[in-house]
Amino acid sequence: MPLDHPDLHPFKNTDAPGPVTGAALVERVVRLNTDLRHHSATDVLRAAVREVPNLALVSSFGAESVALLHLASMVKRDLPVLFIDTEMLFAETLVYQQELTERLGLHNVSILRAADIAKHDPDGTLHQTDPDACCGLRKTAPLAEALKGFDGWITGRKRFQSGARAALPFFEVEAVSADAPARIKVNPLAFWHAKDVSDYIDENRLPRHPLVARGFPSIGCAPCTSPVRSGEDSRAGRWRDTPKDECGIHFENGKMVRTGANT
């Protein structure tokens with residue numbers, strides 16, 4: 001993983017705080033990616049907090065989440081953290097979320113839940129007939145609503161996770177829709193490999209999600225996640241035996257990403 005640079009010079013933020021759209025936002029992102037191209041995840045987080053004051057970290061509290069949460073807790077302990085409780089998560093994930101929040105001293109964690117599950121999925125079987133609609137109801141919609149209050153958000157995405165992410169930058173412009181302000185999306189771990197994540201967790205003696213030891217390298221909702229067999233891709237257990245491999249919380253050109261991504 002790239003080395004940390006404690007002597008990094010502060011960036012000149014000439015943009016006014018708050019929402020920035022169009023060419024100015026693109027220019028800011030290009031500058032950040034250029035200035036930080038050889039820097040560490042910690043440097044990226046520091047720059048993100050400085051350049052995007054109204055910023056949130058979105059975390060699933062999943063298999064690899066503790067690394068980014070730990071880094072963020074050292075940079076800004078009260079950084080808003082958004083956790084989506086789909087009400088179909090493993091019990092282990094809910095316990096792990098509470099334990100990590102206390103262990104890392106996270107002071108600003110918001111738990112998001114859909115407001116209309118009883119109306120659209122009264123018997124809890126929507127995932128069996130239309131998994132995209134289920135993810136949209138339980139995960140995508142609550143997050144989209146919560147992010148309306150932020151100018152940018154931090155993700156745990158990494159280049160090694162799929163071919164579609166092979167060129168993932170530290171900073172991106174996310175245009176959610178034509179009538180909504182664009183946001184900055186920050187990927188501090190973009191250049192980390194799986195071993196970097198594992199080594200970081202071990203070196204900092206951080207607790208792993210209990211399901212990792214039971215063969216779950218990628219963890220989502222309980223009905224749609226199964227253990228991964230030897231030799232399989234780490235996401236083979238997500239929506240097994242279906243073409244779906246993304247919940248849809250990420251956007252490209254104003255459209256939800258549905259394939260080739262790991263949330």
Below 4.0 angstrom, N of the basic side chain to O of the carboxylate: do [X] and [Y] qualify?
X: D85; Y: R138; answer: no
X: E51; Y: R31; answer: yes
X: R37; Y: D35; answer: no

Indicate yes or no: at least one non-hydrogen side-chain atom of [X] is less than 4.5 angstrom from one of [Y].
X: R214; Y: P227; result: no
X: R28; Y: I184; result: yes
X: V26; Y: V30; result: yes
X: N108; Y: L79; result: no

Original post:
Under the side chain to side chain contact (heavy atoms under 4.5 Å, CB included) test, which residues partner S59, sequence neighbours left out?
Top reply: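 Side chain to side chain contact (heavy atoms under 4.5 Å, CB included) list for S59, sorted by chain: L57, F61, S65, L69, V81.
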**OP:** Would you please name every residue forming a side chain to side chain contact (heavy atoms under 4.5 Å, CB included) with T129, sequence neighbours left out?
**Re:**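 Result, side chain to side chain contact (heavy atoms under 4.5 Å, CB included) vs T129: L126.
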Partners meeting salt bridge (charged side-chain N to carboxylate O under 4.0 Å, His left out) with [X] (sequence neighbours left out):
X: K119; result: none
X: R208; result: D202
X: E87; result: none
X: R77; result: none

Going only through I, L, V, M, F, W and Y residues with side-chain contacts under 4.5 Å, is there a path from [X] to [Y]?
X: V173; Y: V186; answer: yes
X: L206; Y: V109; answer: yes
X: V212; Y: V228; answer: no

Main-chain N/O of [Y] paired to [X] side chain as donor or acceptor, under 3.5 Å:
X: T125; Y: Q128; answer: no
X: N187; Y: T155; answer: no
X: N54; Y: G152; answer: no
X: H107; Y: G105; answer: yes
X: K185; Y: R183; answer: no
X: D121; Y: I117; answer: no

Considering all heavy atoms, the nearest [X]-[Y] contact:
X: L45; Y: A72; value: CD1-N, 3.9 Å
X: L112; Y: A146; value: CD1-CB, 3.6 Å
X: I154; Y: L68; value: CG2-CD2, 4.0 Å
X: F170; Y: P188; value: CE2-O, 3.5 Å
X: A67; Y: I201; value: CB-CG1, 4.4 Å
X: V29; Y: F171; value: CG1-O, 3.3 Å

**OP:** For side chain to side chain contact (heavy atoms under 4.5 Å, CB included), just list the numbers for H209 and T93, CA-CA rounded to whole Å, side-chain angles, deciding distance to a tenth of an Å, and then say yes or no.
**Re:** CA-CA 7 Å; H209 193 297; T93 296; 2.8 Å; yes
Subject >> side chain to side chain contact (heavy atoms under 4.5 Å, CB included) assessment of V197 paired with K158 >> reply: CA-CA 10 Å; V197 179; K158 309 164 192 71; 3.6 Å; yes
Could you tell me the separation between the [atom1] atom of [X] and the [atom2] atom of [Y], rounded to the nearest 0.5 Å?
X: H39; Y: N33; atom1: NE2; atom2: CG; result: 12.0 Å
X: T225; Y: M88; atom1: OG1; atom2: CE; result: 11.5 Å
X: E64; Y: S218; atom1: CD; atom2: OG; result: 8.0 Å
X: H193; Y: S198; atom1: NE2; atom2: OG; result: 14.0 Å
X: S60; Y: Q97; atom1: OG; atom2: CD; result: 11.0 Å
X: L100; Y: F83; atom1: CG; atom2: CZ; result: 10.0 Å

Original post:
L147 and L143: side chain to side chain contact (heavy atoms under 4.5 Å, CB included), yes or no, with the steps?
Top reply: CA-CA 6 Å; L147 285 175; L143 179 61; 3.7 Å; yes
Original post:
When the ring centroid of F90 is compared with that of Y96, is the distance short of 6.0 Å?
Top reply: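 No - the distance between ring centres of F90 and Y96 does not fall below the 6.0 Å cut-off.
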Subject >> From CA spacing to verdict: side chain to side chain contact (heavy atoms under 4.5 Å, CB included), L189, R157 >> reply: CA-CA 7 Å; L189 308 185; R157 295 182 302 160; over 6 Å; no
